[in-house]
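Quick notes on the structure that follows.
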Number of protein chains: 2
Amino acid sequence: MSISRPPMNIGAVERDTGLGKDTLRVWERRYGFPTPARDAHGERLYSAEQVERLRLIKRLIDQGHRPGRLIGAGSEELTLLSAQSATTTAMPTPPGDIAVTTDDTPASAPSTASAAVSPLIDRVLAQVRGHDLPLLRQTLNQAMLRQGLHRFVVETVGPLNVAIGEAWMRGEIEVFEEHLYTEQITTLLRQAMASLPPAASAPRIVLTTVPDELHTLGLLMAQALLALDGASCIPLGTQTPLFDIAMAAKAHQAHIVALSFSASFPTRQVAPLVAQLRDMLPAQTELWIGGGGSERARAVSGVRVLSSLDAALVALDDWRRNAVLESATLAA
Amino acid sequence: MSISRPPMNIGAVERDTGLGKDTLRVWERRYGFPTPARDAHGERLYSAEQVERLRLIKRLIDQGHRPGRLIGAGSEELTLLSAQSATTTAMPTPPGDIAVTTDDTPASAPSTASAAVSPLIDRVLAQVRGHDLPLLRQTLNQAMLRQGLHRFVVETVGPLNVAIGEAWMRGEIEVFEEHLYTEQITTLLRQAMASLPPAASAPRIVLTTVPDELHTLGLLMAQALLALDGASCIPLGTQTPLFDIAMAAKAHQAHIVALSFSASFPTRQVAPLVAQLRDMLPAQTELWIGGGGSERARAVSGVRVLSSLDAALVALDDWRRNAVLESATLAA
DNA sequence: GTGCATTTTTGTCCAGGACAAAATACGTTG
DNA sequence: CAACGTATTTTGTCCTGGACAAAAATGCAC
């Protein structure tokens with residue numbers, strides 16, 4: 001790759017890494033990293049290497065690590081990352097225990113991430129790296145047909161997402177390859193949903209994300225499962241302003257509003273945003289929160305946190321049972 | 001709509017309106033608008049009304065108006081907007097002439113936006129406002145089947161997008177209704193593309209947007225047309241970092257890279273970004289730029305600006321003719 | 001009108017200070 | 001020794017007010 005990578009200014013770095021300008025400047029002041037060069041006017045110029053490193057740090061922070069420790073380290077992060085992330089991503093990331101266990105012999109644990117969960121996953125990873133789009137499409141399509149939509153989403157796509165993310169961290173996969181993969185899965189899931197029967201009038205569920213949250217994949221997976229179970233989904237795409245989510249719920253008389261927060265969504269904003277939306281919604285409208293960042297909404301009352309994809313189906317089941325009960329009560 | 005709309009802090013306003021924190025503060029300093037209240041700690045609190053107005057101003061700026069004039073005005077903007085935007089959106093927005101023509105009698109011109117271009121469009125608008133998702137789906141689906149993919153995209157979806165945008169400006173449509181519409185079109189187009197034959201090996205085209213640009217609809221429309229014409233499209237979704245776009249083009253040996261810039265993309269960044277990407281790409285790889293913000297890349301050399309959807313097809317045609325010529329030359 | 005120079009407009013960047021909420025450490029008690 | 005409440009550290013975001021360059025508009029000579 002003989003392409004030259006020119007340095008970027010602070011705005012470009014913000015766009016590329018998702019780290020705010022204020023954050024970048026305050027890190028420089030506090031931790032002495034990054035150390036961008038300056039142009040003729042005294043403006044910061046970040047080298048491609050530093051941006052790359054910032055991206056990595058961002059992902060690790062999203063997994064529960066803390067900036068102070070990450071920035072000090074040199075390259076042992078690379079060890080920390082691939083080893084630890086595999087074991088912790090499934091759970092709500094037990095805070096603090098991560099860096100402490102560094103004292104153990106790193107190679108001792110049986111948690112070496114790449115322990116192939118399934119040959120299918122390895123195959124897909126290889127094909128993503130190989131840039132063979134038709135082949136990748138075929139593989140995924142076949143897997144879906146063989147497993148059925150439910151198992152495909154839960155057992156294949158979920159783990160695949162994790163595997164892709166980890167492979168990126170290990171430097172085995174490029175961002176554009178990740179994008180290609182995401183796009184393929186998106187196409188596939190939408191295609192599958194299009195072929196479902198036109199949706200009964202079961203619970204109406206509004207699905208969307210708040211502004212600044214643009215990860216759709218998790219939401220799409222949930223939508224697929226819910227639609228498969230006969231719920232009538234009303235997708236609003238991404239980045240719907242809070243007030244508009246509330247209006248949409250009213251307009252469509254939704255029984256449920258389902259939001260997705262990815263792990264990379266600004267930690268602090270999740271709880272206030274969710275609480276605010278909860279306030280705007282009618283009391284009988286349920287509010288479900290899913291995705292890697294959903295744990296941060298745990299404290300908010302009147303909200304159901306879905307910690308896995310299957311949890312969404314359980315919630316759907318609960319809702320239906322509840323609905324039956326209520327109508328029975330009303331009838332009596 | 002009895003829902004209370006609590007005031008927002010500056011970060012939330014940035015997310016909701018797309019106006020940067022710096023911009024919001026500097027407007028306040030210079031123009032005396034907005035005038036947010038302050039909380040106990042001296043932090044800005046924007047009222048829902050001001051945010052609404054900011055959203056409107058943002059859209060007008062995206063159409064070529066200038067902040068200085070917009071912010072001074074009271075509600076005559078509402079006139080300016082609906083009347084003028086209809087006539088100018090199609091063209092590259094002749095700069096400056098807009099506000100000048102205010103001297104004319106406003107009602108005289110035959111440019112009243114809502115002059116129903118097609119009954120279909122009015123029907124769709126009504127259905128979007130009516131929140132009847134199944135009906136909307138059916139209408140769009142039928143239109144596509146009747147017109148065929150090409151005509152549907154060019155003659156229906158394009159004008160519809162404009163009509164929806166204008167209806168929003170006139171306050172006739174809410175953001176969430178716009179979202180629902182967008183989502184439906186997206187589903188429909190993807191569905192149509194899925195049913196196309198698996199793509200020949202004609203020119204390989206990488207399609208994506210740069211970071212911070214998340215409007216996919218235009219890109220998707222282009223992709224639909226190109227795929228329909230037998231090009232083999234490699235979609236990377238949105239927000240691919242520049243360097244990764246270049247890497248993707250190399251990895252897939254793409255003949256063409258196609259980017260989309262919406263009108264709301266920060267004006268100043270378009271030209272530098274495009275120039276930078278042009279530098280990274282191999283000389284023989286063509287770079288096509290489309291969308292409402294593409295005119296801003298006109299100055300960059302070695303780039304093809306597509307000012308309409310049909311222009312993409314012309315470009316495709318040109319490329320193919322050129323390819324034939326070259327191979328003939330090589331053979332001779 | 002057309003082309004060029006000048007002025008205005010406008011978005012983005014900078015420094016360095018401040019503060020609250022979250023995360024962590026600590027000390028006490030059952 | 002575990003549980004729990006209280007200090008302390010960490011960390012992201014917001015503040016003010018100044019500066020500057022690129023784009024847009026204006027003025028001016030031809």
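Nothing here was measured: the structure is a model prediction, and the numbers come from that model.
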Margin query: How close do B/Pro211 and B/Pro241 get, counting heavy atoms only, and between which atoms?
Written below: CG-CA, 3.7 Å

Margin query: Strictly below 4.0 Å, N to O, side chains only: are B/Lys58 and B/Glu52 in salt-bridge contact?
Written below: no

Notebook entry, point to check: Are any of the side-chain nitrogens in A/Arg298 or A/Glu295 under 4.0 Å away from the carboxylate oxygens of its partner?
Noted result: yes

Note to self: Expressed as a whole number of angstroms, how long is the span from B/Asp39:CG to C/dA21:P?
What the structure shows: 10 Å

Next item on the list: Mark yes or no for whether B/Gln239, through its side chain, and B/Asp212, through its backbone, hold a donor-acceptor pair below 3.5 Å.
Entry: yes

Notebook entry, point to check: Tell me, for nucleotides 2-14 of chain C in 5' to 3' order, what letter each nucleotide earns: B for a base near a protein heavy atom under 4.0 Å, S for only sugar-phosphate near one, - for neither?
Noted result: -------SBBBBS

Note to self: Under the rule for side chain to side chain contact (heavy atoms under 4.5 Å, CB included), what residues qualify as partners of A/Ala315, not counting sequence neighbours?
What the structure shows: A/Trp288, A/Arg304, A/Leu306

Margin query: Both A/Thr267 and A/Glu28 contact DNA chain C. Which one's nearest nucleotide lies toward the 5' end?
Written below: A/Glu28

